[in-house]
Every structure is written in C-alpha cells, then in structure tokens.
Amino acid sequence: MVKEAAMIRLREAIDVTKEIDLDQPQIPPEQLARIKIRMRDFLEAMKYIQPTVLREVIVEVPPEVHWDDIGGYENVKQELKEMVEWPLKYPRYFEELGVEPPKGILLFGPPGTGKTLLAKAVATESNANFIAVRGPEILSKWFGESERAIREIFKKARMAAPCVIFFDEIDAIAPARGLRVDSGATDRIVNQLLAEMDGIAPLKNVVVIAATNRADIIDPALLRPGRFDRIVYVPPPDENARFEILKVHIRGGLKLADDVKDGGDYKYLRDLARRTEGYTGADLAALVREAAMLALRETIRSNTNQVKPVGIEHFEEALKVVPPSLSKQDIARFEEMARNLRRTLRGGL
Ligand code: ADP
C-alpha cells in the first residue's frame, strides 16, 4: 500500500502538477525532496490494495440479477421482499412501528433451485451491495484465519451498507456439534459468526442470508431468535415454476423454431414442464443449453450458412442427455427436512 501511495503521488507530480520534469538528464534532489506523500494518497491507495484475508471477498455492487430473471417462486420472492427489501428501503416505518426486521434468513432447498439467484436478486432490487462467501472457502482458503475472515466480512459489509452478506453452504462452517471433524476450529467460527450477528444493531442495513441443502446438520444455535430465525424453503420447482424457468432461459435471444414458439403460446414448453418433474432450475437451464448446442452442431455440420433454430427435436434429444437431479425420494426427503427445520425453529422461540 505504501508503494502504491508513493506511485500515486509520483504520477501526480509528473503528469498533473509538473513538479518533476522527466526530460532533464537528472532530477535535482531538491525537487524530489519537495514531494511529500499525503494522507489522501494513502487513502487513494487503499482503494486498490485489498487485505490478503479479503482478497477472495468481493463486494459486488448491486449484482445484475432481477426478480424476473427467476422463474416461478412467487411466494419466496414475496417473503424475501418483505424480510429484506422493505427493512432496507423503509427503515423508518419499521422503527416507528416498532417492528424488528430479521437479521438472518436461511434459505433451504435442494441444490440448483435458485437460492443464490434469489439472494442476488433481493440485493439488486433493494439497491444493496452484495458479499458472497462460500462456507467451504472460509475453512480452506483462510485456514487458521477463519475467525478473522468472518470479522472482516462483517466489517466490510458495514462499510458497504446497505449490504447483503450471502453465506452459501453454511453447513460447511456450522455443522451441529458432534458432527464436526475439527470441532475446535468450527466452534470458533460459529461463535464468531454468532457474535457478529448478535452485534448487528437492528436497522443497521446489513442482512445476512445463508443457504444450505443440509438443514439436518446445521448447528441449532444458529437458529435461535435474533440469528437465522427466518427460514425460507426453496422447494424443487413445480410444473408452473418449471414452465416459467424454461421461459426465462429462452428469453435471452435464443432463436426458436416455430413449433416451439407456436405463436407465442409455447404449448410445447408447457408440455415439457409437465414432463420434467425432478428437474431443478439448474437442470432446466442445462436442458435449454444442450438443446441450443444440438441446433448449433447441426448448423455447423450442414455447411449451408443457414442457422438452424432450436426446435422440438432438439429439446427431445436434450432430455435424453440431461437427466433430472432429484428423484421422488430426494424430493420427499427435502420436504421432511423443511418440516423438521420449521419445528426446530418454533421450538426455539
Ligand atoms: P442454488 O444456489 O440453489 O444451488 P443457483 O442459484 O446457483 O442454485 O442456480 C444455478 C443456476 O440454475 C442459475 O444460475 C440459473 O441459471 C439456474 N436457475 C436455478 N433456479 C432458477 C430459477 N428459478 N429461474 C431461472 N433460473 C434458475
């Protein structure tokens, strides 16, 4: 940082104030002596130099994900709006009414159902910054420094407020006692996390959202009031949500054949949605991508300069290559875990 501050000052002296003339054969020492590095050079340098611990913590200035980039999940969106967007946008109403907004929200559901997308969208739509942290990274990248990393993340969030901190795979850093491989380290991290969350004053414009698909192994201490005391279940998409998700993914200018578009009715996509039980949002995105790749391959092979639009035959072919990631049993297991989680939460209140 010191070096950077010096460079900033030097650049100014050469380019802006012309205190130094580089054309002379030798720069007179008295000219150099007059140039002093000021506080503002250090402050400027700080913008470019990140503390090592935080190199991986990237504050995204409102991520570009909007509500309509997420197909379906209207209830979940509404819940997140009320829990995150409203307190960040209308803190005064909450204060006047004496309503305490949640500090922590736990998104629970199978992988690939759009939890990360939802957290990003709620940040964007609330004009908040976004810090994403993956649970396993806290343990591995910052080995031995994990508590400090947690402290720094919260510090950074407070500086970037309004801010959403998103902990993906929270179960990696906060598994229930007894399930931990190295209980000493994870205990310290959990304690640090709890201390930071307890320390967030209400309405200080920092909201913590965590996501997990292993609600069964999360430390119950995290679920007490004032911590992750709101749980939002993000289930596998139902038929209607699957249709909406397919539409989101063809929206970005994908060239569709008439048999798929069918005058804007997308009857075929409705049919596809009905037939894709067990497909998550991520699976459906992969399905559309695969269908597009098949059309592309045909285009290139045909050697005719004619771009082949994506048609029913491509989707049908793609279905054979992209399997659903959830079985009926998986879905039942997630429903069961969601019920247990809600029970734990109510028990704790
Ligand atoms: P999770 O965090 O639940 O594992 P992600 O949010 O990372 O899931 O989703 C992975 C990808 O799957 C997204 O980038 C997106 O392309 C797609 N996806 C998942 N759910 C949806 C959805 N509801 N609408 C549109 N795309 C989705």
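When a ligand or atom number is given, it counts from 1 through the structure's own listing order.
- Listed by number with element, the atoms of ligand 1 under 4.0 Å from a non-hydrogen atom of Asp69 are 24 (N), 25 (C).
- Distance from atom 8 (O) of ligand 1 to its nearest protein heavy atom, with residue and atom name: Gly114 N, 3.2 Å.
- Within the structure, salt bridge (charged side-chain N to carboxylate O under 4.0 Å, His left out) pairs that include any residue of residues 281-298 comprise Glu298-Lys308 (at least two apart or interchain).
- Between Leu107 and Leu80 there is a side-chain heavy-atom pair separated by less than 4.5 Å.
- What sits closest to atom 18 (N) of ligand 1 on the protein, heavy atoms only, is Gly281 C, 3.6 Å.
- Note on residues 238-259: pairs passing salt bridge (charged side-chain N to carboxylate O under 4.0 Å, His left out), not counting sequence neighbours, are Asp69-Arg251.
- Between Arg188 and Asn191, the side chains place no donor N or O within less than 3.5 Å of an acceptor N or O (distance only, hydrogens not considered).
- Using a 4.0 Å cut-off to heavy atoms of Gly71, the atoms of ligand 1 that qualify are 22 (C), 23 (N), 24 (N), 25 (C).
- The side-chain heavy atoms of Leu294 and Val321, taken from C-beta on, include no pair separated by under 4.5 Å.
- Given atom 2 (O) of ligand 1, the protein heavy atom at minimum distance is Thr116 OG1, 2.6 Å.
- With respect to the salt-bridge test (charged N to carboxylate O, under 4.0 angstrom), the residues Asp271 and Lys267 do not qualify.
- Checking Gln192 against Glu196 by side-chain atom types alone, a donor-acceptor pair falls below 3.5 Å.
- For ligand 1, the atoms sitting less than 4.0 Å from at least one non-hydrogen atom of Pro111 are 4 (O), numbered in the order shown with element in parentheses.
- To the nearest 0.5 Å, atoms CG (Leu88) and CZ (Phe94) are separated by 9.0 Å.
- Interface atoms of ligand 1 facing Tyr73, defined by a heavy-atom separation under 4.0 Å, are 23 (N).
- Listed by number with element, the atoms of ligand 1 under 4.0 angstrom from any heavy atom of Ile70 are 22 (C), 23 (N), 24 (N).
- Of the options Leu284, Leu117, Val65, Asp168, the smallest heavy-atom separation from atom 27 (C) of ligand 1 is shown by Leu117.
- Looking from atom 26 (N) of ligand 1 to the surrounding protein, the closest heavy atom is His249 NE2, 2.9 Å.
- For atom 10 (C) of ligand 1, the nearest non-hydrogen atom of the protein is Ala282 CB, 4.1 Å.
- Under a 4.0 angstrom heavy-atom cut-off, Gly112 registers as being in contact with ligand 1.
- A donor atom on one side chain and an acceptor atom on the other are found under 3.5 Å apart for Glu316 and Tyr268.
- At least one N or O atom of Thr113 sits closer than 3.5 Å to an N or O atom of ligand 1.
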